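Step one of this worksheet: look at the structure below.
Only this structure's heavy atoms are used, side chains among them; waters, hydrogens and symmetry mates stay out. Remember, it's a predicted structure, so these values are computed and weren't measured experimentally. Lettering of chains follows the sequences in order, A, B, ..., and the numbering in each one begins at 1.
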2 protein chains.
Amino acid sequence: MKPVNIGILGLGTVGGGTAAVLQDNAAEISRRLGRDIAITAVCAREEARAKAICPTAAFERDPFALVRRDDVDVVVELFGGTDTAKDAVIEAISHGKHIVTANKKLLAEYGNEIFPLAEEKNVMVQFEASVAGGIPIIKALREGLAANRIRSIAGIINGTSNFILSEMREKGSAFADVLKEAQALGYAEADPTFDIEGHDAGHKITIMSALAFGTPMNFASCYLEGISKLDSRDIKYAEELGYRIKLLGITRKTGKGIELRVHPTLIPERRLLANVNGVMNAVRVNADMVGETLYYGAGAGALPTASAVVADIIDIARLIGAETENRVPHLAVQPDEVQAQTILPMDEVVSSYYLRVQAEDKPGTLGKIAGLLADNQVSIEALIQKGVIDKTTAEIVILTHSTVEKNIKAAIAAIEALDCVEVPITMIRMESLHD
Amino acid sequence: MKPVNIGILGLGTVGGGTAAVLQDNAAEISRRLGRDIAITAVCAREEARAKAICPTAAFERDPFALVRRDDVDVVVELFGGTDTAKDAVIEAISHGKHIVTANKKLLAEYGNEIFPLAEEKNVMVQFEASVAGGIPIIKALREGLAANRIRSIAGIINGTSNFILSEMREKGSAFADVLKEAQALGYAEADPTFDIEGHDAGHKITIMSALAFGTPMNFASCYLEGISKLDSRDIKYAEELGYRIKLLGITRKTGKGIELRVHPTLIPERRLLANVNGVMNAVRVNADMVGETLYYGAGAGALPTASAVVADIIDIARLIGAETENRVPHLAVQPDEVQAQTILPMDEVVSSYYLRVQAEDKPGTLGKIAGLLADNQVSIEALIQKGVIDKTTAEIVILTHSTVEKNIKAAIAAIEALDCVEVPITMIRMESLHD
C-alpha cells in the first residue's frame, strides 16, 4: 500500500517526539500497519529546526497553507492552545483532512464546533494524546468498554500536581518550595497556573466525561479547584488517618445529573490511585459490567505523548479509503445520540468531607462544632483533636459521612461564625472509590 | 443499518454473561455501535436453559450446524477447552464466519493453525476476553501501543492464584487451607491444577508474548511453575524484606531471545503490581516510547469477561462489509511479518533470586554457602539468618544480584551437597520491575 501522508503543525516537545517516534520505530510501525507513514510537510517557527528534524518534509511557514496541501492526508495538530490551532484545525477539516491532536484545551472548549464539522465533512478527529499522555484511555473508553454503561471516572490526570503532592507528602515540604523544585526539574511551567489550579485536569475530565456519558463538552460547567492552597499539615493528617490527598478529576452519572469536578481529594491509602506517585497519571473507570478498571502510565513527556499521537495516525491510516460508514464515533456514541445532560452544581454533589478547624482550646468548643454539624444534617465519622497550636488554640480534624455539599457549606459558615473559631476552616472532599 | 447476527457456542458462565450484557445494555450498545446485535442462534447442552436465556434465538444442539447457518455473521465461541471448540472454530472460519472467543487454551495451543486459516478466509478472530477478562489489554497491545517496540510484559493474570497468595499473606495461612477457602468461595475449581500450576497464566502470557513481539504462539516453550509448593514462611520473609510474592506471567525480549515464563516472583512492595490483591488482574507493559503502562481490572467472572466478548463483537460489527484491506492484524503485526524467534531456555534467563536454606547452626556454615555462591558467579545482595528452627538448625535467607539461571542452579546443587544443609533449598525468582 502507498504511505499515508501526514503534515505536522508544530515541532515543539510533542511535535519533535512524534517525528522521533515515526523515524526511530518506522520499521516496527510498518510491520504493524502494513504501510509506511510519511511526514510530507511541517509547519514550525524555525525553518532550520524543521529541516533538522524532518529533512525530507516540505516546510510551510503558514499553517493554513499546510492544511490545504494535496500531499497531506492527515493533519497532526501539535501547536497547543486555541488561537491558530483552532482555526487551522477547522480549515483542515473543511478541506477534508483527518485530524490527530493532543490539544485538550481545544477539544474541551471547542469540541462542540469541531466534532459536528468533522462529521459533516466525513473526517476522523483522533485525540488519544489529549488525555493522560501515552495511556490508551480514550481507546478504552470508546472501544474497550463499549459494552458497558459507565458509572464514574476518577483520574490523576495532571502530572505536575501529582509530583508536587507526592513530594509534599514524602518530604513534608510546603507547596511553594516543592513548586520551585518542580519548576527547576522542568515538571512545572514558569507560570504554573494552568496545571496547579486544575484547568488542565478540567479539560481532560471534560473530554472523558463526554465520552463516558455521550454528552457535548461541558468545560464551562466543570468545577475547578487546584492544589495551591493545600497545607502540608493536611497531607500529614490525612496520612495519619489512612488517606492520601490527590488532585482528582471526577465525573459521575447520578440520578440528578452528571458530576464534573476537579479538586484535591482524600482517598484511602490502599487504593491503587493512592499509590500513583510523581508525574505519573492513572485513570480509574467504574462501569456496570466490567466493574472497576484502572489505566496507568506517563501522562506527559515528548515520547509518551507521541506514542499516543502515532497510535492515532495508525488508526486513521487503517481506515483511510475504507468504505465503512461505521467508524468509532468521536464522542463514543453515534452523533445523533449525543445529548446534553444536566451538570450537577457543586452544591448538589454528595460527598464526604475532611475539615480542619482551629478553635479556642476550652470546654464546650467541640460540642458547639458538633452541634452545628448536626443542625445542618452532617453526621460525623471521626472527630480528632490533633493537638494544640499555641496555649489557647487547638486544631481539630473532622471526617464526615456523606452529605450534600450545600449542607457542609452551611455548617462551615455557621461554625466560622462562632467567636471561638478561627477563619477560614479547611475543607477537602473525600472519595472512597468504592462505587 | 441491519443488526449484526451472532451465534453463541456455549451458555455457561461467560455465555450466560454475554447474553445478559447484550440484553441489559442493548440500548447503550446500539447508541455506540449504530446498529443492533441480535443473537440468532445458540448451541448449549440444555435446550430449556437456552430458551430461557435467549428466547428468540434458534436452538442448535450441533455446534457444526450453528456455524454453518446463513443467519450467523459472527460465531462467539464460549465452550472453552480444545476439543469441540477447536473443530467448531475451524469449521466456522471455513464457512467465512468471524470469530469471537474467550478461549486462551485454544489460541495458545492452536493459534498457529487458526490465525493463518482466518487470514486465508479473510475473517476476523477477536479474543480480548482470552487474557485478563474485562481489561482491554489485547486492544492496548495491538492498537494503543502500536507506535512502540514492546520490551517486556509482566502480569498477574490468574485470579485464583492471586487470591490464594493474597490470603496467605494477609492471614499467614498455609496454601492448602486457603485453597479450600477459595474452592468454597467459587474462586477455585474442584480440580485447581490448571490455575495453581500456572497453565492458565501460561496460555495468557503466551498470547501476549506473540502480540508483543510478532511471533507465532510458543506455549510449548513456556516455562510453567505454580504456587502449590509455596510456603507461607517465604511470603512472610519476603514481606519483612520489602517484597510481595505474586504469580507472574513474564515475557521479555532480550538480545539472546524471548523470555516466556510463569512462576512465583518476589516484587518490591512499592510497585503497583505488588498491590493488586484478591482475584483482580493487572498487566504491566514496558515499551520503548511510552515507558511503563499498567492495566488493572477483573480477570474473570461472567460480566467482566462478557464485557470483553461484546467489545469484540462491536469491533467486528463496525468492519463487516467495510472494504478495508487493513484491519488490525491478529498477532499485531502483518501476517507475513510474523516470525519465529528463539525462546530462551530457563537456564539462560537472567534474574535475581531469593533462596531459603536450612542448615546446621554452627560456625563455618554461612561461609561455606557464601563461598559456593561465589564459586558459581552468584553475588549476594543480602544474607539474613532468620532464626533457629530447632536447637541445631538455622534458617538463612539469601537475596542475590542478577545472574544467569544456570549459575544459581549450579550453586544450589553444590550447596545441597553439603552435609550441613537440608534438602531441598527453596528458590524463588525476583523481578525489580524497573526495566
Side-chain angles (χ1 to χ4, degrees), chain A residues 1 21 24-25 28-29 31-35 128 133-136 139-140 142-149 214 270 272 275-276 287-298 301 303-304 306-311 314-315 317-319 321-329 332-334 337, chain B residues 1 21 24-25 28-29 31-35 128 133-136 139-140 142-149 214 270 272 275-276 287-298 301 303-304 306-311 314-315 317-319 321-329 332-334 337:
Chain A
M1 291 180 83
V21 169
D24 295 353
N25 280 358
E28 182 71 9
I29 292 166
R31 197 174 162 229
R32 290 166 179 264
L33 175 56
R35 63 197 293 194
E128 184 64 78
I135 307 171
K139 188 171 279 284
R142 296 202 312 186
E143 303 174 43
L145 304 181
N148 292 263
R149 278 179 285 202
R270 278 179 63 101
L272 286 184
N275 293 284
V276 171
D288 63 348
M289 295 301 172
V290 75
E292 176 185 1
T293 56
L294 182 138
Y295 310 83
Y296 167 90
L303 297 180
S307 166
V309 167
V310 175
I314 292 170
D315 274 1
R318 290 198 196 284
L319 290 176
E323 295 292 323
T324 177
E325 294 298 309
N326 203 1
R327 296 168 183 157
V328 178
V333 303
Q334 298 293 316
E337 295 281 348
Chain B
M1 291 178 85
V21 168
D24 294 355
N25 280 358
E28 182 71 10
I29 291 166
R31 196 175 163 229
R32 291 166 178 265
L33 174 57
R35 64 196 293 193
E128 184 64 78
I135 307 171
K139 189 171 278 284
R142 296 202 311 186
E143 303 175 43
L145 305 182
N148 292 263
R149 279 179 284 202
R270 279 179 63 101
L272 285 184
N275 293 284
V276 171
D288 64 346
M289 295 301 172
V290 75
E292 177 185 2
T293 57
L294 180 137
Y295 309 82
Y296 166 90
L303 297 179
S307 167
V309 167
V310 174
I314 291 170
D315 274 0
R318 290 197 197 283
L319 290 177
E323 296 291 324
T324 177
E325 295 298 311
N326 203 2
R327 295 168 182 157
V328 178
V333 302
Q334 298 293 314
E337 295 280 348

Requested in this report: Output the distance between atom CG (Asn25(A)) and atom CE (Met289(B)), rounded to the nearest 0.5 Å.
Outcome: 4.0 Å
Query raised in the report: Hey, is the main chain of Arg32(B) close enough, under 3.5 Å, to the side chain of Gln334(A) for a donor-acceptor pair?
Result: yes
Query - Partners meeting salt bridge (charged side-chain N to carboxylate O under 4.0 Å, His left out) with Glu128(A) (sequence neighbours left out) - result: none
Report summary line: Of the listed Ala298(B), Ser307(B), Gly133(B), the one with the largest count of heavy-atom pairs under 4.5 Å with chain A is Ser307(B)
Report summary line: Okay, Ala308(A) and chain B: the region with an atom under 4.5 Å from a heavy atom over there is neither
Query raised in the report: Most heavy-atom pairs under 4.5 angstrom with chain A, which of Ala311(B), Gly34(B), Ala146(B), Gly214(B)?
Result: Ala146(B)
Query raised in the report: Would a 4.5 Å heavy-atom cut-off, applied to side chains only, mark Arg31(A) and Pro329(B) as touching?
Result: no
Query raised in the report: Side chain, backbone, both or neither: which part of Val309(A) has a heavy atom under 4.5 Å from chain B?
Result: neither
Report task. List for me each residue that meets salt bridge (charged side-chain N to carboxylate O under 4.0 Å, His left out) alongside Arg149(A), sequence neighbours excluded, and say none if there are none. Result -> Asp288(A)
**Report entry** Check: Leu303(A) and Asn148(B) side chains under 4.5 Å, non-hydrogen atoms
**Finding:** no
**Report entry** Structural part of Ala317(B) lying under 4.5 Å from a heavy atom of chain A
**Finding:** backbone
Query raised in the report: Which one of Asn275(B), Ile29(B), Leu272(B) has the most heavy-atom pairs closer than 4.5 Å to chain A?
Result: Leu272(B)
Query raised in the report: What residue, out of Gly291(B), Gly144(B), Gly134(B), has the most heavy-atom pairs lying under 4.5 Å from chain A?
Result: Gly144(B)
Query raised in the report: With chain B, which of Leu33(A), Val21(A), Leu294(A), Thr293(A) has the greatest number of heavy-atom pairs at distances under 4.5 Å?
Result: Leu294(A)
**Report entry** Toward chain B, the part of Asp315(A) with a non-hydrogen atom under 4.5 Å
**Finding:** side chain
Requested in this report: Test Asn326(B) against Ile314(A) for side-chain contact (heavy atoms from CB on, under 4.5 Å), laying out the working first.
Outcome: CA-CA 10 Å; Asn326(B) 203 2; Ile314(A) 292 170; over 6 Å; no
Query raised in the report: Between Glu143(B) and Lys139(A), what is the shortest heavy-atom contact and its length?
Result: OE1-NZ, 2.7 Å
